[in-house]
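Encoded as structure tokens, the structure appears first; notes follow it.
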Amino acid sequence: MGKYDTYFLMKTNDVPGYVQEKYSGYFEKDAVLSCQEIGDGNINYVYRVKDEASGKSMIVKQAGVETRISKDLKASTDRNRIESEILQIQHRYAPGFVPVIFGYDTVMHACCMEDLAGYELMRYALMRHETFPRFADDISTFMVNTLLMTTDIVMNHKEKKELVKRFINPDLCEITEDLVLTEPYNDNKHRNIVFPPNWEFVQKELYGDAKICQAAAALKFRFMNKAEALLHGDLHTGSIFVKKDSTKIFDPEFAFFGPMGYDVGNVVANLIFAYDNGMAYGDDAFASWALDTVRDTVDLFIEKFRACYDRNATDSMAKVPGFREMYLADVLADTAAYAGTELHRRTVGMAQVKDVTSITDLKARMHAERVNVFCGKDYILHERSFGCGQDFVDAVLRAENEAKKTEG
Ligand code: SR1
Ligand code: MG
């Protein structure tokens with residue numbers, strides 16, 4: 001039995017030997033390989049293996065049996081199989097937008113892929129208030145191509161059902177059902193993290209608001225039962241690598257067939273977290289770029305969705321005049337509603353975002369969180385009122401005013 005023929009959680013110094021054994025030929029046999037753990041997520045271990053002499057490198061991502069964020073949150077190690085297969089499917093629908101997969105190892109639950117050297121995690125770049133002029137165009141293309149093309153509007157229905165079966169992802173979906181679609185509204189597992197100056201505010205506006213709790217309950221069961229499209233499932237700015245002229249999406253381990261607005265809504269909410277940070281530090285130009293990008297992402301998504309629908313719809317009922325717009329209205333309602341749940345869960349739930357938690361001025365952070373809570377409520381309670389990008393931006397501006405009123 002070889003060292004890597006039985007599963008164990010690798011340490012940094014195990015990984016060079018692993019790639020030399022499993023991917024022989026990628027590096028020279030006698031190459032001196034360095035290895036660094038570069039994972040920033042809550043779940044897996046991510047290593048960059050590099051041969052300094054040739055400059056060649058690759059990424060190894062291994063699943064542990066426990067998530068990194070908490071020993072209580074277990075997730076099947078099969079998630080990395082799902083991730084590597086999804087990346088290959090996404091590569092087919094949206095070439096150039098995801099890293100190339102070299103292979104997946106079913107024993108070590110490790111996936112090897114192209115090293116996106118020269119790219120940076122979008123969340124960190126946004127926290128330095130860097131702007132990305134291509135982002136709205138790129139992410140809207142990625143979402144329309146990977147989402148609409150995997151719906152029953154386009155895909156052969158039996159083929160789609162096979163994929164639904166293959167990508168059933170109960171453990172990772174359960175994490176979302178708990179962390180995103182339950183705990184922000186009742187803290188039933190007592191693991192929410194509420195910023196102390198907002199304690200009473202959160203009690204009143206979330207846990208104590210029957211209307212928002214009912215609406216969130218409906219969104220939980222919509223998420224669990226609307227097997228519409230093959231989602232990325234965790235499309236936040238920590239799942240996106242950027243360069244000025246290019247965008248790469250990775251980390252789709254939460255992928256499954258769900259409501260496509262879940263992905264679009266996650267992008268909207270995470271741009272609002274960037275906006276929060278810009279406002280907190282008085283960088284008005286950056287904050288307006290973030291809101292312009294919310295607007296453009298939604299508007300480009302709508303424009304490309306319509307074009308892609310007209311070009312690719314195969315089902316005869318999908319072509320009934322007027323149905324495309326009915327369908328799109330549902331997608332936009334889901335987008336608003338799930339942008340709302342993402343705004344809430346990153347503000348009060350256990351997995352928060354550095355864009356907001358890094359705001360050092362207490363009043364500015366309190367304000368940012370209140371904007372998120374009010375904006376999220378507006379998105380959820382009026383989900384059918386968001387027909388274009390500007391509608392999404394106007395809700396942020398309304399939330400700004402509402403938050404100021406609570407702050408005296
Ligand atoms: C236990 S995982 C916590 C969060 O990190 C992931 O990126 C997902 O967003 C998940 O909800
Ligand atoms: Mg992740």
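For reference, positions follow the sequence shown, starting with 1. Hydrogens, waters and symmetry mates are skipped; everything else that's a heavy atom, side chains included, is used.
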Open item on the list: I want to know whether Phe392 and Tyr379 have ring centres closer than 6.0 Å.
Closed with: yes

Task: Within 45° cone of Phe241 ring axis and under 6.0 Å: Lys248 NZ or CZ - done: no

Open item on the list: Does Lys243 have more than 12 heavy atoms from other residues, nucleotides or ligands lying within 6.0 Å of its NZ?
Closed with: yes

Open item on the list: Between Tyr338 (side chain only) and Leu219 (backbone N and O only), is there a donor and an acceptor less than 3.5 Å apart?
Closed with: yes

Open item on the list: Return the CE to CG distance between Met366 and Asn198, rounded to the nearest 0.5 Å.
Closed with: 6.0 Å

Open item on the list: Pair Lys61, Tyr47 - check side chain to side chain donor-acceptor pair (under 3.5 Å), show working.
Closed with: CA-CA 6 Å; Lys61 181 168 177 182; Tyr47 302 93; over 6 Å; no

TODO: Determine yes or no for a side-chain-to-main-chain donor-acceptor pair under 3.5 angstrom, with Asp315 supplying the side chain and Met317 the backbone.
DONE: yes

Task: Rounded distance [0.5 Å steps], CE in Met122 versus OG1 in Thr237 - done: 6.5 Å

Open item on the list: More than 12 heavy atoms of other residues, nucleotides or ligands under 6.0 Å from CD of Glu200: yes or no?
Closed with: no

TODO: Indicate yes or no: at least one non-hydrogen side-chain atom of Asp263 is less than 4.5 angstrom from one of Leu147.
DONE: yes

Task: Separation of Ser358 OG from Asp276 CG (nearest 0.5 Å) - done: 10.5 Å

TODO: Kindly check if the number of other-residue, nucleotide or ligand heavy atoms within 6.0 Å of CD (Glu66) is above 12?
DONE: yes

TODO: State plainly whether the residues Arg295 and Asp292 are in salt-bridge range, i.e. N to O under 4.0 Å.
DONE: yes

TODO: May I ask you to decide if the ring planes of Phe8 and Tyr4 are parallel, tilted or perpendicular, using 30° and 60° as cut-offs?
DONE: parallel

Task: Residue pairs passing the salt bridge (Lys or Arg N to Asp or Glu O under 4.0 Å) test where at least one lies in residues 368-382, sequence neighbours excluded - done: Glu205-Lys377, Asp209-Lys377, Arg365-Glu369, Asp378-Arg398

- [ ] For atom CD of Gln36, decide whether the heavy atoms of other residues, nucleotides or ligands shown that lie under 6.0 angstrom number more than 12.
- [x] no

TODO: With rounding to the nearest 0.5 Å, note down the distance linking CD1 in Ile212 to OH in Tyr207.
DONE: 13.5 Å

Open item on the list: Whether Lys56 engages the ring of Tyr26 as a cation-pi pair (distance to the six-membered ring centre under 6.0 angstrom, angle to the ring normal within 45°) should be assessed.
Closed with: yes

Task: Quiz item: cation-pi between Lys244 and Phe132, 6.0 Å / 45° - done: yes

TODO: Could you check if a side-chain atom of Cys388 sits within less than 4.5 angstrom of a side-chain atom of Asp391, using non-hydrogen atoms only?
DONE: yes

TODO: Could you tell me the separation between the OG1 atom of Thr12 and the CD1 atom of Ile38, rounded to the nearest 0.5 Å?
DONE: 11.5 Å

Task: NZ/NE/NH1/NH2 to OD/OE distance under 4.0 Å, Arg306 and Glu303 - done: no

- [ ] Report yes if some heavy atom in the side chain of Met279 is under 4.5 Å from a heavy atom in the side chain of Phe286; otherwise report no.
- [x] no

Task: Donor-acceptor under 3.5 Å (Gln62 side chain, His109 main chain) - done: no

TODO: Could you tell me whether Lys165 and Glu162 have a side-chain N and a carboxylate O separated by less than 4.0 Å?
DONE: yes

- [ ] Verify, without hydrogens or angle tests, whether Lys304 (side chain) and Asp137 (backbone) share a donor-acceptor contact under 3.5 angstrom.
- [x] yes

Open item on the list: Walk me through whether Asp283 and His129 qualify under side chain to side chain donor-acceptor pair (under 3.5 Å).
Closed with: CA-CA 8 Å; Asp283 189 340; His129 300 174; 3.0 Å; yes

TODO: Take Arg346 and Asn372 through the side-chain contact (heavy atoms from CB on, under 4.5 Å) test and state the conclusion after the steps.
DONE: CA-CA 9 Å; Arg346 296 293 191 185; Asn372 295 343; over 6 Å; no

- [ ] Show the numbers, then the answer: is there a side chain to side chain donor-acceptor pair (under 3.5 Å) between His367 and Glu400?
- [x] CA-CA 8 Å; His367 174 76; Glu400 277 287 353; 2.6 Å; yes

TODO: State which residues pass ring-ring contact (aromatic ring centres under 6.0 Å, His included) with Phe254; sequence neighbours excluded, sorted by chain then number.
DONE: none

Open item on the list: When you compare the side chain of Val298 with that of Phe386, does any pair of heavy atoms fall below 4.5 Å?
Closed with: no

Task: Verdict with reasoning, Ser34 to Lys50, per side chain to side chain donor-acceptor pair (under 3.5 Å) - done: CA-CA 5 Å; Ser34 65; Lys50 192 165 184 185; over 6 Å; no

Task: Donor-acceptor contact present, side-chain Glu21 to main-chain Gly2, <3.5 Å - done: no

Open item on the list: Would you say Asp51 and Ser54 are linked by a side-chain donor-acceptor pair, where the criterion is simply a distance under 3.5 Å?
Closed with: yes

TODO: Determine yes or no for a side-chain-to-main-chain donor-acceptor pair under 3.5 angstrom, with Gln203 supplying the side chain and Gly208 the backbone.
DONE: no

Task: Backbone of Gly389 reached by a side-chain donor or acceptor of Asp299 within 3.5 Å - done: yes

- [ ] Output yes when Asp330 and Arg384 qualify as a salt bridge under the 4.0 Å nitrogen-oxygen rule, no when they do not.
- [x] yes

TODO: For the residue pair Glu114 and Ile59, establish whether any side-chain heavy-atom pair is separated by less than 4.5 Å.
DONE: no

Task: Ser239 side chain to Leu235 backbone, donor-acceptor under 3.5 Å - done: no

Task: Salt bridge Lys189-Asp178, side-chain N to carboxylate O under 4.0 Å - done: yes

- [ ] Taking the side chain as every heavy atom from C-beta outward, state whether Ile175 and Asp171 have any pair of such atoms under 4.5 Å apart.
- [x] no

- [ ] Apply the test side-chain contact (heavy atoms from CB on, under 4.5 Å) to residues Tyr119 and Val242: give CA-CA distance (whole Å), side-chain angles for both, the deciding distance (0.1 Å), then the verdict.
- [x] CA-CA 5 Å; Tyr119 287 77; Val242 279; 5.5 Å; no

Task: Tyr327-Glu228 side chain donor-acceptor pair, cut-off 3.5 Å - done: yes

- [ ] For the pair Arg134 and Asp245, find out whether any cationic side-chain nitrogen is under 4.0 Å from an anionic carboxylate oxygen.
- [x] no

Open item on the list: Suppose we call two aromatic rings close when their centres sit under 6.0 Å apart. Are Phe142 and Phe301 close by that rule?
Closed with: no

- [ ] Determine, for Glu183 against Arg345, whether the closest basic-nitrogen to carboxylate-oxygen distance falls under 4.0 angstrom.
- [x] no

Open item on the list: Salt bridge check, Glu85 against Arg79: does any charged N sit closer than 4.0 Å to a carboxylate O?
Closed with: no

Open item on the list: Could you check whether any side-chain heavy atom of Met155 comes within less than 4.5 Å of a side-chain heavy atom of Thr151, counting everything from C-beta outward?
Closed with: no

Open item on the list: Do Val373 and Thr347 have side chains that approach each other closer than 4.5 Å (heavy atoms only, starting at C-beta)?
Closed with: yes

Open item on the list: Can you confirm if the aromatic rings of His344 and Tyr185 lie within a centre distance of less than 6.0 Å?
Closed with: yes

Task: Check: Asp115 main-chain N/O paired with Ser57 side-chain donor or acceptor under 3.5 Å - done: no

Open item on the list: For the CZ atom of Phe250 and the CG atom of Leu121, what is their distance to the nearest 0.5 Å?
Closed with: 5.0 Å

Task: Heavy-atom pair with the smallest gap, counting every atom of Asn80 and Ala63 - done: ND2-N, 3.2 Å

TODO: Indicate, with yes or no, if the rings of Phe223 and Phe256 have centres closer together than 6.0 Å.
DONE: yes

Open item on the list: Could you check whether atom NZ of Lys11 has more than 12 heavy atoms from other residues, nucleotides or ligands sitting under 6.0 Å from it?
Closed with: no

Open item on the list: Closer than 4.0 angstrom, basic N to acidic O: yes or no for Asp334 and Lys226?
Closed with: yes

TODO: Look only at the side chain of Asn169 and the backbone of Ala255, and say whether a donor-acceptor pair between them is shorter than 3.5 Å.
DONE: yes

